[in-house]
Amino acid sequence: MCGIIGIVSKQPVAQVIYDGLLVLQHRGQDAAGMVICDNNKLHLRKDNGQVSDVFQTRHMVKLTGNMGIGHVRYPTAGCSSSAEAQPFYVNSPYGISLAHNGNLTNVEKLKADLYAEDLRHINTESDSEVLLNVLAHELHICASLKLEVDDIFKAVKSTHKRLEGAYAVVALITGKGILAFRDPCGIRPVVYGKRQTDSGVDYMVASESVALQTSGFDLVADLKPGEAIFIDKESNVHLRQCAENSRLSPCIFEHVYMARPDSVIDDIYVYKARLRMGVKLAQKILRERPDHDIDVVIPIPDTSRPSAMELAFHLGVKFREGFIKNRYIGRTFIMPGQVQRARSVRRKLNPIEIEFKGKNVLLVDDSIVRGTTSQQIIEMARDAGANKVYMASAAPAVRFPNVYGIDMPAVEELIAHNRSDQEVGELIGADWIIYQDLADLIAAVQKGNPKITEFDCSCFNGRYVTNTVSIEYLDKIKATRNDSAKNQSEAQLVAGMDLHNNA
């Protein structure tokens, strides 16, 4: 998962992009970058690390200009090389910089076609660089020296025909404007908004509405599936549907975990959706365990808190904060390898013993993926004196990999794969475990926007909405996403850094 931003303004934009990336930091902590256009001159800064580490004052003062894009990244395949940091750039045609959230499922074919037919070289393992070169090639075919808006949308239409998978894209065409577009299924989110200033109207596109809100932009709309927006350097807005057979099938895991609770995605308030998840889960507990002996409901910070609050209310049970979170540890789900995740859990959370001692505790998490974090947290609860420890997941059991930009592990490393709920509970050390039903999750999210009739729920049911995911592709990502491969990649990266430092 990644976060993207693009801005066209009458004023310098570097600080606004920086502020926007800060509030999208939850979408990626591996790398950050931005490129700013000052007339026809580009200023680029990107590197591994979080936003506040990558952009120091000495960098910001050089990022001058009134138009730019930004990106925060976590690695879908576990690679943490700074060469993968975005935005990417190609100088022809016009000079295009691009940042991307999602994952292309036909990337190997695209690479082969780019080399054999388009005569383009790909220098990294990033599918974002592939996407940039596809767009650049299509724009080169249909455009002339004087770039017209119709040429841009024609290039996007041709790009859609070549791509498979999920993608929310923002691109800067040097000296021309900002382009953004969304895949034909609308799997990954992208919104746009505007603000009125003394100098004129500014426009921003971003992964989530919270990035607009914190900088004083009013949300205008989500991009529709297959829709493109081009904002020229004079802040004129052009919208065009560029994909055939588009349909809205957004990723439901955005509402479970990835998005900030203060965001609005496809007209659904994420916070409200999570509250409704808690209501549905409470109803299931009352159906299946009407004689439960739960004394207290405790969320595993932070994403599960809204669901846990509503669950406790509808059960008529006390809600308490039982864990204090170290704010300076990143989200463990999106850390590149299992070794790094395992080390961070006890550094990240510390129990308040008085809330556990002698009590039957229901821990609530947004989801359970590998189960190793849940196991350690249950051990912490028992060490703090809990009498019994139950576990509830606001999402259904994760049994299949996500191929659309969320770095879920190889299927064998998903704790619920080919296991019953009881077996999962025993493995993580819970006295019992309960998962949200998929129908209830869909109902909880869909209530915010009944017009959405389909969600991508592939990590729960194994049905991939693009209908282009083959067994061969799943086998390939299994080889790159398993933790042994990731740990090897991390070891190679560290070794490379040591050689560099000792040179």
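Heavy atoms only: backbone and side chains are in, while hydrogens, waters and symmetry mates are out. The shown structure was predicted, so the numbers you read here are calculated from the model rather than taken from an experiment. Numbering of residues begins at 1 and proceeds along the displayed sequence.
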- Shortest non-hydrogen pair, S307 vs M277, comes out as OG-CB, 3.7 Å
- Query: Pick one: which of H255, K272, R274 meets side chain to side chain contact (heavy atoms under 4.5 Å, CB included) with V445?
  - Reply: H255
- What residue among D267, V210, V191 forms side chain to side chain contact (heavy atoms under 4.5 Å, CB included) with L219? V191
For [X], check side chain to side chain donor-acceptor pair (under 3.5 Å) against everything at least two apart and list the hits.
X	value
R382	D431
E353	none
D262	R260

Are [X] and [Y] packed together at the side-chain level, in the sense that at least one heavy-atom pair is separated by less than 4.5 angstrom?
X	Y	result
D437	K280	no
S128	R73	no
M204	S215	yes
L414	R399	no
T105	V403	yes
M391	S374	yes
D30	N48	yes
L98	L131	yes

Cut-off 3.5 Å, no hydrogens considered: what does the side-chain donor-acceptor table look like for residues 310-319, sequence neighbours left out?
none

Results of ring-ring contact (aromatic ring centres under 6.0 Å, His included) for [X] - residues two or more places apart only:
X	answer
Y271	none
F217	none
Y390	W432

- Going by the salt bridge (Lys or Arg N to Asp or Glu O under 4.0 Å) test, which pairs reach into residues 179-195, not counting sequence neighbours? R182-D266, R188-E254, R195-D202
- Determine which pairs satisfy salt bridge (Lys or Arg N to Asp or Glu O under 4.0 Å) with at least one residue from residues 207-229, sequence neighbours left out, and list them in order. R27-E208
- Please name all residues satisfying salt bridge (charged side-chain N to carboxylate O under 4.0 Å, His left out) with D365, sequence neighbours left out, ordered by chain then number. none
- Task: Using the test salt bridge (charged side-chain N to carboxylate O under 4.0 Å, His left out), find all partners of E164 that sit at least two apart in sequence or belong to another chain.
- Result: none
- Does the pair Y269 and S263 meet the rule for a side chain to side chain donor-acceptor pair (under 3.5 Å), with working shown? CA-CA 6 Å; Y269 288 86; S263 283; over 6 Å; no
- Message: Counting the benzene-type ring for Trp, do F356 and F323 have ring centres under 6.0 Å apart?
- Response: yes
- Task: Could you tell me which residues satisfy side-chain contact (heavy atoms from CB on, under 4.5 Å) with V424, sequence neighbours excluded, listed by chain and number?
- Result: I415, A416, R419, I433, Y435
- Any side-chain donor-acceptor pair under 3.5 Å between Y404 and T466? yes
- Message: Quick one: does any side-chain atom of S249 pair with a main-chain N or O of F455 as donor and acceptor, under 3.5 Å?
- Response: no
- Item | NZ or CZ of K478 within 45° of Y473 ring axis and under 6.0 Å | no
